[in-house]
Amino acid sequence: MHFLSIISENYPSGYSTMSDREKSKADHFALVDCNNFYVSCERLFNPSLEGRPVIVLSNNDGCVISRSEEAKSIGIKMGMPAFTIPDIIEKHKVKVFSTNYTLYGDISHRIMNILSSLYPEIEIYSIDEAFILIRGMDDKALWKAGENIRKTILQWTGIPVSTGIGTTKTLAKAASHHVKNSGGEKGVYVAGSGKEQDVFLQNLPVQKVWGVGEKYALFFQKNNIYNAYALKRADAFSVKNRLGVMGQRIVLELNGVCCYPLNNNPEEKKEVCLSRSFGKPIIRYDDLEAATVNYAGTIAGKLRKMELCAGDLLVFVMTGKYARGPQYVNYKIIHLPVPANNAPELIHYTIIALKQLFRDGYQYKKSGVIASGLVPAAGRQLEIWNEKDHQRSDLIQSVMDNVNRKTGNKSVKLAIENDGSTGKMKQEMLSPKYTTSWEGILQVKMDDTESKAENIV
DNA sequence: TCTGGGGTCCTAGGACCC
DNA sequence: TCTGGGGTCCTAGGACCC
(Lines give C-alpha, C1' and ligand atoms only; values in the text may rest on other atoms or scores of the structure.)
Protein backbone atom coordinates (compact mmCIF):
# COMPACT_ATOMS: atom_id res chain seq x y z
CA MET A 1 0.00 0.00 0.00
CA HIS A 2 1.33 3.39 -0.93
CA PHE A 3 0.51 5.80 1.82
CA LEU A 4 1.97 8.73 -0.01
CA SER A 5 0.02 8.24 -3.20
CA ILE A 6 -1.71 11.54 -2.64
CA ILE A 7 0.87 13.97 -3.87
CA SER A 8 -0.07 17.56 -3.40
CA GLU A 9 0.04 19.35 -6.72
CA ASN A 10 -0.38 22.76 -5.22
CA TYR A 11 1.40 24.48 -2.47
CA PRO A 12 -0.62 23.71 0.67
CA SER A 13 -2.46 26.74 1.93
CA GLY A 14 -1.00 28.54 4.88
CA TYR A 15 2.54 28.30 3.59
CA SER A 16 4.64 31.31 2.76
CA THR A 17 3.03 33.54 0.18
CA MET A 18 5.94 35.85 -0.49
CA SER A 19 6.63 36.89 -4.04
CA ASP A 20 9.80 35.56 -5.65
CA ARG A 21 11.39 38.93 -5.30
CA GLU A 22 10.70 39.08 -1.58
CA LYS A 23 11.81 35.48 -1.17
CA SER A 24 15.16 36.07 -2.80
CA LYS A 25 15.98 38.69 -0.21
CA ALA A 26 14.78 36.67 2.75
CA ASP A 27 17.11 35.38 5.42
CA HIS A 28 19.27 32.51 4.30
CA PHE A 29 21.08 29.77 6.09
CA ALA A 30 24.58 28.96 4.96
CA LEU A 31 26.18 25.68 5.91
CA VAL A 32 29.94 26.03 5.95
CA ASP A 33 31.59 22.65 5.90
CA CYS A 34 35.31 21.82 5.91
CA ASN A 35 36.30 19.50 3.10
CA ASN A 36 37.61 16.12 4.28
CA PHE A 37 38.40 17.92 7.51
CA TYR A 38 40.71 15.50 9.31
CA VAL A 39 42.70 14.78 6.17
CA SER A 40 42.94 18.52 5.47
CA CYS A 41 44.32 19.06 8.99
CA GLU A 42 47.01 16.43 8.47
CA ARG A 43 47.94 18.00 5.13
CA LEU A 44 48.39 21.43 6.66
CA PHE A 45 51.60 20.36 8.35
CA ASN A 46 52.74 17.87 5.77
CA PRO A 47 52.56 19.30 2.27
CA SER A 48 53.98 16.11 0.79
CA LEU A 49 50.51 14.62 1.31
CA GLU A 50 49.03 16.81 -1.43
CA GLY A 51 47.88 14.79 -4.40
CA ARG A 52 48.23 11.50 -2.54
CA PRO A 53 45.50 9.27 -1.14
CA VAL A 54 45.26 9.95 2.59
CA ILE A 55 42.91 8.49 5.19
CA VAL A 56 42.32 9.02 8.91
CA LEU A 57 41.13 6.17 11.12
CA SER A 58 38.77 6.12 14.08
CA ASN A 59 39.86 5.32 17.63
CA ASN A 60 41.79 2.10 17.94
CA ASP A 61 42.72 2.52 14.29
CA GLY A 62 39.42 0.85 13.51
CA CYS A 63 37.42 2.39 10.67
CA VAL A 64 38.05 4.96 7.97
CA ILE A 65 36.49 8.26 9.07
CA SER A 66 38.07 10.79 6.70
CA ARG A 67 39.30 10.37 3.13
CA SER A 68 41.05 12.60 0.66
CA GLU A 69 39.52 12.84 -2.84
CA GLU A 70 42.28 10.53 -4.11
CA ALA A 71 41.33 7.95 -1.46
CA LYS A 72 37.65 8.17 -2.45
CA SER A 73 38.48 7.68 -6.10
CA ILE A 74 40.30 4.40 -5.49
CA GLY A 75 37.21 2.98 -3.80
CA ILE A 76 37.88 3.48 -0.09
CA LYS A 77 34.47 3.91 1.52
CA MET A 78 33.49 5.78 4.64
CA GLY A 79 33.41 3.50 7.68
CA MET A 80 35.38 0.64 6.14
CA PRO A 81 37.35 -1.32 8.74
CA ALA A 82 41.03 -0.64 8.11
CA PHE A 83 41.99 -4.31 8.34
CA THR A 84 39.88 -5.14 5.29
CA ILE A 85 41.83 -2.90 2.91
CA PRO A 86 45.57 -3.60 3.41
CA ASP A 87 45.95 -4.44 -0.28
CA ILE A 88 44.48 -1.11 -1.43
CA ILE A 89 46.68 0.73 1.04
CA GLU A 90 49.73 -1.11 -0.19
CA LYS A 91 48.97 -0.84 -3.88
CA HIS A 92 48.16 2.88 -3.93
CA LYS A 93 50.62 3.87 -1.20
CA VAL A 94 47.80 5.33 0.88
CA LYS A 95 49.03 7.44 3.77
CA VAL A 96 47.20 6.35 6.93
CA PHE A 97 46.77 8.39 10.14
CA SER A 98 45.41 7.59 13.58
CA THR A 99 42.89 10.14 14.74
CA ASN A 100 44.41 13.23 16.38
CA TYR A 101 41.50 15.04 18.01
CA THR A 102 43.70 17.48 19.85
CA LEU A 103 44.96 18.82 16.54
CA TYR A 104 41.57 18.78 14.77
CA GLY A 105 39.83 20.44 17.71
CA ASP A 106 42.33 23.27 17.75
CA ILE A 107 42.09 23.94 13.99
CA SER A 108 38.30 23.78 14.24
CA HIS A 109 38.33 26.39 16.96
CA ARG A 110 40.32 28.79 14.78
CA ILE A 111 37.98 28.34 11.84
CA MET A 112 34.87 28.93 13.96
CA ASN A 113 36.42 32.10 15.32
CA ILE A 114 37.02 33.44 11.84
CA LEU A 115 33.49 32.56 10.75
CA SER A 116 31.88 34.21 13.73
CA SER A 117 33.91 37.36 13.12
CA LEU A 118 32.39 37.45 9.61
CA TYR A 119 28.86 36.40 10.62
CA PRO A 120 28.01 36.75 14.31
CA GLU A 121 24.78 34.76 13.96
CA ILE A 122 26.38 31.34 13.97
CA GLU A 123 25.59 27.88 15.23
CA ILE A 124 28.54 25.53 15.52
CA TYR A 125 27.03 22.27 14.44
CA SER A 126 29.97 19.88 14.64
CA ILE A 127 33.73 19.90 14.67
CA ASP A 128 33.81 20.73 10.97
CA GLU A 129 30.49 22.44 10.24
CA ALA A 130 28.63 25.59 11.16
CA PHE A 131 25.36 27.18 10.14
CA ILE A 132 25.36 30.93 9.75
CA LEU A 133 22.49 33.29 9.11
CA ILE A 134 22.87 35.70 6.21
CA ARG A 135 20.30 38.47 6.06
CA GLY A 136 18.92 40.54 3.24
CA MET A 137 21.02 39.38 0.27
CA ASP A 138 19.87 38.38 -3.20
CA ASP A 139 21.24 35.32 -5.00
CA LYS A 140 24.09 37.19 -6.60
CA ALA A 141 25.29 38.59 -3.29
CA LEU A 142 24.93 35.17 -1.68
CA TRP A 143 27.28 33.59 -4.20
CA LYS A 144 29.79 36.34 -3.52
CA ALA A 145 29.44 35.84 0.24
CA GLY A 146 30.10 32.12 -0.13
CA GLU A 147 33.17 32.72 -2.25
CA ASN A 148 34.46 35.20 0.27
CA ILE A 149 34.04 32.71 3.13
CA ARG A 150 36.02 30.14 1.24
CA LYS A 151 38.78 32.56 0.31
CA THR A 152 39.16 33.94 3.82
CA ILE A 153 39.27 30.62 5.64
CA LEU A 154 41.64 29.11 3.10
CA GLN A 155 43.95 32.09 3.35
CA TRP A 156 43.94 32.31 7.13
CA THR A 157 44.03 28.62 8.05
CA GLY A 158 44.82 26.63 4.92
CA ILE A 159 41.64 24.56 5.23
CA PRO A 160 39.32 24.39 2.19
CA VAL A 161 35.60 24.73 2.93
CA SER A 162 32.42 24.52 0.91
CA THR A 163 29.28 26.51 1.53
CA GLY A 164 25.70 25.54 0.75
CA ILE A 165 23.04 28.24 0.96
CA GLY A 166 19.26 27.97 1.18
CA THR A 167 16.23 29.40 2.97
CA THR A 168 16.14 26.50 5.45
CA LYS A 169 18.83 24.37 7.04
CA THR A 170 17.69 21.35 5.04
CA LEU A 171 18.03 23.27 1.76
CA ALA A 172 21.43 24.60 2.84
CA LYS A 173 22.52 21.03 3.60
CA ALA A 174 21.29 19.89 0.21
CA ALA A 175 23.18 22.72 -1.48
CA SER A 176 26.32 21.79 0.42
CA HIS A 177 26.00 18.21 -0.76
CA HIS A 178 25.67 19.52 -4.30
CA VAL A 179 28.88 21.56 -4.02
CA LYS A 180 30.90 18.58 -2.96
CA ASN A 181 29.57 16.27 -5.63
CA SER A 182 29.70 18.68 -8.52
CA GLY A 183 33.27 19.58 -7.66
CA GLY A 184 32.23 23.24 -7.86
CA GLU A 185 35.56 25.02 -7.91
CA LYS A 186 34.05 28.09 -6.29
CA GLY A 187 33.03 25.98 -3.32
CA VAL A 188 29.56 27.53 -3.17
CA TYR A 189 26.07 26.61 -4.24
CA VAL A 190 22.90 28.60 -3.66
CA ALA A 191 19.77 26.47 -3.67
CA GLY A 192 17.94 29.24 -5.52
CA SER A 193 14.27 29.01 -6.39
CA GLY A 194 11.76 28.00 -9.04
CA LYS A 195 12.66 25.67 -11.88
CA GLU A 196 16.35 25.81 -11.15
CA GLN A 197 15.82 24.60 -7.61
CA ASP A 198 13.51 21.81 -8.80
CA VAL A 199 16.20 20.44 -11.09
CA PHE A 200 18.78 20.64 -8.36
CA LEU A 201 16.51 18.74 -5.95
CA GLN A 202 15.67 16.13 -8.58
CA ASN A 203 19.35 15.29 -8.74
CA LEU A 204 19.60 14.72 -5.01
CA PRO A 205 18.82 11.10 -4.03
CA VAL A 206 16.28 10.94 -1.23
CA GLN A 207 18.67 9.10 1.10
CA LYS A 208 21.05 12.09 0.94
CA VAL A 209 18.48 14.51 2.34
CA TRP A 210 19.34 15.74 5.82
CA GLY A 211 17.31 13.77 8.36
CA VAL A 212 16.69 10.81 6.06
CA GLY A 213 18.52 7.76 7.33
CA GLU A 214 18.34 4.11 6.38
CA LYS A 215 14.83 3.46 7.69
CA TYR A 216 13.22 6.60 6.32
CA ALA A 217 14.87 6.13 2.93
CA LEU A 218 13.42 2.64 2.68
CA PHE A 219 9.98 3.93 3.54
CA PHE A 220 10.15 6.72 0.96
CA GLN A 221 11.44 4.43 -1.76
CA LYS A 222 8.62 1.99 -1.12
CA ASN A 223 6.31 4.91 -1.79
CA ASN A 224 8.01 5.82 -5.06
CA ILE A 225 9.88 8.78 -3.68
CA TYR A 226 13.43 8.57 -4.93
CA ASN A 227 14.72 12.12 -4.91
CA ALA A 228 14.50 15.31 -2.88
CA TYR A 229 12.10 16.90 -5.34
CA ALA A 230 9.61 14.05 -5.04
CA LEU A 231 9.90 14.31 -1.27
CA LYS A 232 9.29 18.03 -1.45
CA ARG A 233 6.06 17.40 -3.34
CA ALA A 234 4.91 14.60 -1.02
CA ASP A 235 2.01 15.35 1.28
CA ALA A 236 3.51 16.47 4.56
CA PHE A 237 0.55 15.24 6.55
CA SER A 238 0.64 11.71 5.13
CA VAL A 239 4.33 11.62 5.96
CA LYS A 240 3.52 12.77 9.47
CA ASN A 241 1.07 9.92 9.88
CA ARG A 242 3.77 7.37 9.23
CA LEU A 243 6.98 8.99 10.43
CA GLY A 244 5.81 11.51 12.99
CA VAL A 245 6.85 15.11 13.17
CA MET A 246 10.42 14.38 12.14
CA GLY A 247 9.25 13.24 8.71
CA GLN A 248 6.86 16.12 8.38
CA ARG A 249 9.57 18.64 9.15
CA ILE A 250 11.81 17.28 6.41
CA VAL A 251 9.05 17.86 3.84
CA LEU A 252 8.25 21.32 5.17
CA GLU A 253 11.89 22.36 5.18
CA LEU A 254 12.31 21.27 1.57
CA ASN A 255 9.37 23.56 0.80
CA GLY A 256 11.19 26.48 2.37
CA VAL A 257 9.23 26.40 5.63
CA CYS A 258 11.73 26.83 8.41
CA CYS A 259 11.32 24.24 11.20
CA TYR A 260 14.84 24.49 12.59
CA PRO A 261 15.83 28.03 13.45
CA LEU A 262 19.43 28.98 14.08
CA ASN A 263 20.41 27.89 17.54
CA ASN A 264 23.21 30.27 18.42
CA ASN A 265 22.81 29.85 22.12
CA PRO A 266 22.90 26.11 22.64
CA GLU A 267 21.55 25.20 26.04
CA GLU A 268 23.67 23.22 28.32
CA LYS A 269 24.31 19.61 27.55
CA LYS A 270 21.88 16.96 28.67
CA GLU A 271 24.42 14.22 29.05
CA VAL A 272 28.14 13.65 28.97
CA CYS A 273 29.47 10.32 27.83
CA LEU A 274 32.86 8.68 27.68
CA SER A 275 33.42 5.20 26.32
CA ARG A 276 36.19 3.38 24.54
CA SER A 277 36.92 0.08 22.91
CA PHE A 278 39.98 -1.58 24.35
CA GLY A 279 43.06 -2.30 22.26
CA LYS A 280 42.98 -5.88 23.58
CA PRO A 281 40.02 -7.68 25.17
CA ILE A 282 39.88 -7.54 28.98
CA ILE A 283 39.13 -10.61 31.07
CA ARG A 284 39.89 -9.68 34.70
CA TYR A 285 37.71 -7.46 36.85
CA ASP A 286 40.66 -5.38 38.04
CA ASP A 287 41.59 -4.43 34.50
CA LEU A 288 38.03 -3.54 33.62
CA GLU A 289 37.85 -1.34 36.70
CA ALA A 290 41.19 0.30 35.96
CA ALA A 291 40.01 1.29 32.49
CA THR A 292 36.50 2.41 33.43
CA VAL A 293 37.42 4.39 36.54
CA ASN A 294 39.42 6.77 34.38
CA TYR A 295 36.35 7.55 32.28
CA ALA A 296 34.48 8.57 35.41
CA GLY A 297 37.39 10.77 36.47
CA THR A 298 37.50 12.47 33.07
CA ILE A 299 33.75 13.02 33.05
CA ALA A 300 33.96 14.63 36.49
CA GLY A 301 36.53 17.06 35.07
CA LYS A 302 34.31 17.90 32.08
CA LEU A 303 31.34 18.51 34.36
CA ARG A 304 33.33 20.89 36.55
CA LYS A 305 34.44 22.80 33.48
CA MET A 306 30.79 23.19 32.43
CA GLU A 307 29.77 23.98 36.01
CA LEU A 308 27.29 21.12 36.00
CA CYS A 309 26.62 18.20 38.31
CA ALA A 310 25.39 14.75 37.30
CA GLY A 311 22.25 13.38 38.91
CA ASP A 312 22.53 9.94 37.31
CA LEU A 313 25.36 7.74 36.23
CA LEU A 314 25.01 4.96 33.68
CA VAL A 315 27.85 2.45 33.50
CA PHE A 316 27.96 -0.15 30.72
CA VAL A 317 30.18 -3.04 29.71
CA MET A 318 30.15 -5.16 26.58
CA THR A 319 31.97 -7.94 24.80
CA GLY A 320 33.07 -7.43 21.20
CA LYS A 321 30.09 -7.55 18.90
CA TYR A 322 32.14 -9.20 16.17
CA ALA A 323 33.99 -11.60 18.46
CA ARG A 324 33.27 -15.29 18.61
CA GLY A 325 32.54 -16.69 22.04
CA PRO A 326 29.89 -15.78 24.57
CA GLN A 327 28.39 -12.31 24.26
CA TYR A 328 27.41 -10.09 27.15
CA VAL A 329 26.07 -6.54 27.21
CA ASN A 330 24.74 -4.92 30.34
CA TYR A 331 24.37 -1.59 32.04
CA LYS A 332 23.52 -0.22 35.42
CA ILE A 333 22.01 3.14 36.27
CA ILE A 334 22.79 4.73 39.60
CA HIS A 335 20.80 7.69 40.88
CA LEU A 336 23.23 9.71 42.93
CA PRO A 337 21.91 10.71 46.33
CA VAL A 338 23.18 14.23 45.63
CA PRO A 339 24.20 15.51 42.16
CA ALA A 340 28.00 15.52 41.99
CA ASN A 341 30.91 16.48 39.80
CA ASN A 342 33.89 15.47 41.90
CA ALA A 343 36.01 12.51 40.85
CA PRO A 344 35.98 10.64 44.18
CA GLU A 345 32.19 10.34 44.18
CA LEU A 346 31.70 9.55 40.51
CA ILE A 347 34.41 6.91 40.73
CA HIS A 348 32.89 5.49 43.89
CA TYR A 349 29.52 4.91 42.21
CA THR A 350 31.11 3.69 39.00
CA ILE A 351 32.83 0.94 40.96
CA ILE A 352 29.60 -0.03 42.72
CA ALA A 353 27.94 -0.40 39.32
CA LEU A 354 30.86 -2.24 37.77
CA LYS A 355 30.98 -4.81 40.54
CA GLN A 356 27.35 -5.64 39.88
CA LEU A 357 27.87 -5.78 36.14
CA PHE A 358 30.99 -7.90 36.00
CA ARG A 359 30.61 -11.58 35.13
CA ASP A 360 33.48 -14.03 34.87
CA GLY A 361 34.23 -15.76 31.63
CA TYR A 362 33.72 -12.97 29.12
CA GLN A 363 36.15 -11.06 26.94
CA TYR A 364 35.23 -7.43 27.48
CA LYS A 365 35.89 -5.14 24.56
CA LYS A 366 34.33 -1.89 25.61
CA SER A 367 33.03 -0.04 28.62
CA GLY A 368 31.68 3.42 29.23
CA VAL A 369 30.19 5.91 31.63
CA ILE A 370 27.34 8.31 30.86
CA ALA A 371 26.45 11.16 33.19
CA SER A 372 22.91 12.53 32.82
CA GLY A 373 20.32 14.38 34.83
CA LEU A 374 22.68 17.34 34.65
CA VAL A 375 21.96 20.32 36.87
CA PRO A 376 23.83 23.58 37.43
CA ALA A 377 26.52 23.03 40.06
CA ALA A 378 25.55 26.21 41.87
CA GLY A 379 21.89 25.44 42.41
CA ARG A 380 22.02 21.79 43.30
CA GLN A 381 19.91 20.34 46.06
CA LEU A 382 21.85 19.08 49.03
CA GLU A 383 20.54 16.20 51.01
CA ILE A 384 21.00 16.73 54.68
CA TRP A 385 22.14 13.20 55.54
CA ASN A 386 24.90 13.10 52.99
CA GLU A 387 26.08 16.61 53.19
CA LYS A 388 29.17 15.89 55.21
CA ASP A 389 30.66 13.22 52.93
CA HIS A 390 29.69 15.23 49.95
CA GLN A 391 31.40 18.37 51.10
CA ARG A 392 34.49 16.38 51.95
CA SER A 393 34.72 14.95 48.42
CA ASP A 394 34.16 18.38 46.92
CA LEU A 395 36.91 19.79 49.10
CA ILE A 396 39.39 17.09 48.12
CA GLN A 397 38.55 17.73 44.49
CA SER A 398 39.00 21.47 44.67
CA VAL A 399 42.38 21.11 46.37
CA MET A 400 43.46 18.73 43.61
CA ASP A 401 42.16 21.09 40.93
CA ASN A 402 44.10 23.96 42.45
CA VAL A 403 47.35 22.02 42.55
CA ASN A 404 46.87 20.73 39.02
CA ARG A 405 46.15 24.20 37.71
CA LYS A 406 49.47 25.42 39.06
CA THR A 407 51.69 22.46 38.29
CA GLY A 408 50.27 21.11 35.07
CA ASN A 409 47.68 18.62 34.05
CA LYS A 410 47.11 15.58 36.29
CA SER A 411 50.19 15.95 38.45
CA VAL A 412 47.95 15.03 41.37
CA LYS A 413 45.34 12.35 40.92
CA LEU A 414 43.48 9.77 42.92
CA ALA A 415 45.41 6.56 43.60
CA ILE A 416 42.76 4.57 41.79
CA GLU A 417 43.11 6.62 38.62
CA ASN A 418 45.87 5.03 36.57
CA ASP A 419 48.12 5.88 33.66
CA GLY A 420 45.57 4.66 31.16
CA SER A 421 47.73 1.76 30.01
CA THR A 422 44.99 -0.76 30.80
CA GLY A 423 42.74 -1.19 27.82
CA LYS A 424 44.76 1.41 25.96
CA MET A 425 43.73 2.40 22.47
CA LYS A 426 45.71 1.42 19.46
CA GLN A 427 47.06 4.55 17.77
CA GLU A 428 49.99 3.50 15.68
CA MET A 429 50.03 6.29 13.14
CA LEU A 430 49.46 9.38 15.23
CA SER A 431 50.70 12.72 13.94
CA PRO A 432 52.23 15.28 16.36
CA LYS A 433 50.14 17.87 18.17
CA TYR A 434 51.48 20.57 15.88
CA THR A 435 49.54 23.43 17.41
CA THR A 436 49.00 22.59 21.07
CA SER A 437 52.20 21.04 22.38
CA TRP A 438 55.80 22.30 22.39
CA GLU A 439 57.10 18.91 21.35
CA GLY A 440 54.83 18.93 18.34
CA ILE A 441 55.86 22.24 16.86
CA LEU A 442 56.96 22.08 13.28
CA GLN A 443 60.67 22.68 12.68
CA VAL A 444 61.80 24.28 9.49
CA LYS A 445 65.29 23.72 8.12
CA MET A 446 66.74 25.96 5.44
CA ASP A 447 69.78 25.39 3.28
CA ASP A 448 71.12 26.95 0.05
CA THR A 449 69.30 24.83 -2.45
CA GLU A 450 66.00 23.91 -0.90
CA SER A 451 63.78 24.51 2.03
CA LYS A 452 61.78 21.79 3.58
CA ALA A 453 59.63 21.38 6.60
CA GLU A 454 59.89 18.36 8.76
CA ASN A 455 58.96 17.37 12.21
CA ILE A 456 61.74 15.82 14.22
CA VAL A 457 59.64 14.11 16.85
C1' DT B 1 44.86 -10.16 15.66
C1' DC B 2 42.07 -6.00 13.72
C1' DT B 3 34.99 -3.23 12.88
C1' DG B 4 34.65 4.60 16.56
C1' DG B 5 32.62 7.81 19.73
C1' DG B 6 29.50 11.45 21.30
C1' DG B 7 25.39 13.42 20.92
C1' DT B 8 19.97 14.95 20.18
C1' DC B 9 15.10 14.43 19.68
C1' DC B 10 10.78 11.87 19.48
C1' DT B 11 7.46 8.31 20.74
C1' DA B 12 4.97 4.56 22.76
C1' DG B 13 3.74 2.60 26.73
C1' DG B 14 3.68 2.05 31.72
C1' DA B 15 2.85 4.04 36.28
C1' DC B 16 0.29 6.89 38.74
C1' DC B 17 -3.29 10.23 39.96
C1' DC B 18 -8.03 11.98 40.61
C1' DT C 1 -20.64 -7.89 24.60
C1' DC C 2 -20.07 -4.92 28.45
C1' DT C 3 -15.56 -3.60 32.83
C1' DG C 4 -14.47 4.86 33.36
C1' DG C 5 -11.96 8.48 31.46
C1' DG C 6 -8.58 11.71 31.13
C1' DG C 7 -4.43 13.66 32.34
C1' DT C 8 0.75 13.88 33.51
C1' DC C 9 5.20 12.19 34.10
C1' DC C 10 8.90 9.09 33.26
C1' DT C 11 11.69 5.95 30.65
C1' DA C 12 13.54 2.78 27.24
C1' DG C 13 14.30 2.37 22.73
C1' DG C 14 14.43 3.98 17.98
C1' DA C 15 16.15 6.98 14.49
C1' DC C 16 19.10 10.20 13.13
C1' DC C 17 23.25 13.34 13.06
C1' DC C 18 28.51 14.20 12.48
Side-chain angles (χ1 to χ4, degrees), chain A residues 31-38 55-66 76-86 89 96-101 104-105 108 123-131 169-170 173 176-177 180 207-220 240-250 253 259-260 263 266-281 295 298-299 302 306 311-312 314 316 318-325 329 331-333 335 363 365-374 423 425-429:
Chain A
L31 177 73
V32 182
D33 189 344
C34 303
N35 300 350
N36 317 328
F37 183 52
Y38 298 168
I55 58 176
V56 177
L57 303 181
S58 63
N59 281 333
N60 265 317
D61 295 341
C63 299
V64 177
I65 54 171
S66 183
I76 298 178
K77 300 265 185 283
M78 196 67 174
M80 269 182 167
F83 74 90
T84 61
I85 51 169
I89 290 172
V96 183
F97 287 94
S98 301
T99 185
N100 186 347
Y101 280 111
Y104 312 149
S108 168
E123 172 185 345
I124 296 170
Y125 183 64
S126 76
I127 193 166
D128 70 336
E129 281 173 67
F131 287 105
K169 284 183 174 176
T170 304
K173 269 277 181 187
S176 158
H177 186 267
K180 289 186 187 167
Q207 66 272 22
K208 301 291 182 189
V209 174
W210 192 45
V212 177
E214 204 184 336
K215 296 284 158 69
Y216 286 12
L218 214 62
F219 169 72
F220 290 137
K240 187 185 178 189
N241 277 338
R242 296 303 309 270
L243 299 182
V245 299
M246 299 305 278
Q248 184 190 29
R249 284 178 193 161
I250 296 170
E253 284 247 327
C259 302
Y260 300 105
N263 179 9
E267 336 134 40
E268 278 155 343
K269 285 202 180 166
K270 303 193 168 67
E271 58 181 46
V272 179
C273 167
L274 188 58
S275 74
R276 289 283 180 276
S277 298
F278 310 131
K280 277 186 249 165
Y295 306 156
T298 306
I299 284 181
K302 287 189 183 186
M306 299 186 290
D312 306 285
L314 183 152
F316 72 88
M318 59 195 293
T319 51
K321 57 181 164 176
Y322 302 99
R324 286 183 296 274
V329 182
Y331 66 90
K332 175 91 196 157
I333 296 174
H335 300 279
Q363 303 212 347
K365 187 66 176 122
K366 183 174 181 179
S367 69
V369 179
I370 303 172
S372 59
L374 305 185
M425 276 198 291
K426 202 167 102 181
Q427 280 190 312
E428 289 173 348
M429 293 142 303

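Values in this document were obtained by computation on a predicted structure and should not be read as measured data. Any value given below was found using the heavy atoms of this structure, including those in side chains, with hydrogens, waters and symmetry copies removed. All chains are named by letter (A, B, ...) in the order of the sequence lines, taking the proteins before the strands, and each is independently numbered beginning at 1.
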Ignoring backbone atoms, establish whether [X] has a side-chain N or O less than 4.0 Å from OP1 or OP2 of [N].
X        : N      : answer
A/Lys173 : C/dC17 : no
A/Lys366 : B/dG5  : yes
A/Lys269 : B/dG6  : no
A/Ser275 : B/dG6  : yes

Check this for me, if you would: do A/Lys173 and A/Glu253 make a salt bridge, where the nitrogen-to-carboxylate-oxygen distance has to be below 4.0 angstrom?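 Salt bridge flag = no for A/Glu253 with A/Lys173.
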Using a strict cut-off of less than 4.0 Å between a Lys/Arg side-chain nitrogen and an Asp/Glu carboxylate oxygen, indicate whether A/Lys180 and A/Asp33 qualify as a salt bridge.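 Answer for the salt bridge query: yes.
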Length of the line joining [X]:[atom1] and [N]:[atom2], which is rounded to integer Å:
X        : N      : atom1 : atom2 : value
A/Ile65  : C/dC17 : CD1   : P     : 18 Å
A/Leu274 : B/dG6  : CG    : P     : 5 Å
A/Phe219 : C/dC16 : CZ    : C1'   : 16 Å
A/Met246 : B/dT11 : CE    : P     : 8 Å
A/Ile124 : B/dG7  : CD1   : P     : 16 Å
A/Glu253 : C/dC16 : CD    : P     : 17 Å
A/Tyr260 : C/dC17 : OH    : C1'   : 11 Å
A/Tyr104 : B/dG6  : OH    : C1'   : 17 Å

Among [options], which nucleotide sits nearest the side chain of [X]?
X        : options               : result
A/Glu129 : C/dC18, B/dG5, B/dC10 : C/dC18
A/Arg276 : B/dG5, B/dT8, B/dT3   : B/dG5
A/Ser277 : B/dC2, B/dG4, C/dC16  : B/dG4
A/Tyr101 : C/dC16, B/dG4, B/dC10 : B/dG4
A/Tyr331 : B/dG5, B/dT3, C/dG13  : C/dG13
A/Lys215 : C/dC18, B/dG6, C/dC16 : C/dC16
A/Tyr216 : B/dG7, B/dG5, C/dC16  : C/dC16
A/Trp210 : C/dC18, B/dC10, B/dG4 : C/dC18

Step through it carefully: locate the ring centre of A/Phe131, locate the ring centre of A/Trp210, and say whether they are under 6.0 Å apart.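 They qualify: ring centres under 6.0 Å apart.
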Does [X] reach a base, just sugar-phosphate, or nothing at all? Heavy atoms under 4.0 Å.
X        : value
A/Val209 : sugar-phosphate
A/Asp128 : sugar-phosphate
A/Lys169 : nothing
A/Lys426 : nothing

For DNA chain B, whose closest nucleotide is more 5', that of A/Ser58 or that of A/Arg249?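 Final value for this comparison: A/Ser58.
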Both A/Val272 and A/Gly279 contact DNA chain B. Taking the nearest nucleotide for each, which residue is further toward the 5' end?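 Comparing both residues, the 5'-ward one is A/Gly279.
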Mate of B/dC18 where both pairing distances stay under 3.5 Å, Watson-Crick or G-U: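 In the structure as shown, B/dC18 has C/dG5 as its Watson-Crick or wobble partner.
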Is it the case that the side chains of A/Ser66 and A/Asn36 hold a donor-acceptor pair, with the cut-off being a distance below 3.5 Å and no angle test?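 There is no such pair (donor and acceptor under 3.5 Å, judged by atom type) between the side chains of A/Asn36 and A/Ser66.
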B/dC17 and C/dT3: how far apart are their P atoms, nearest whole angstrom?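 Result for the P pair: 24 Å, nearest Å.
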For A/Tyr125 and C/dC18, are the ring centres under 5.5 Å apart with planes inclined under 30°?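 Here A/Tyr125 fails the 5.5 Å or the 30° condition.
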Identify the heavy atoms of A/Leu274 and A/Tyr295 that sit nearest to each other, and give their distance.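 Closest heavy-atom pair between A/Leu274 and A/Tyr295: CD2-CA, 3.6 Å.
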More than 12 heavy atoms of other residues, nucleotides or ligands under 6.0 Å from CD of A/Gln363: is that the case?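 Result for CD/A/Gln363: open.
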A/Tyr216 side chain reached by A/Leu243 side chain, heavy atoms, under 4.5 Å: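 A side-chain contact exists here, since the closest heavy-atom pair is under 4.5 Å.
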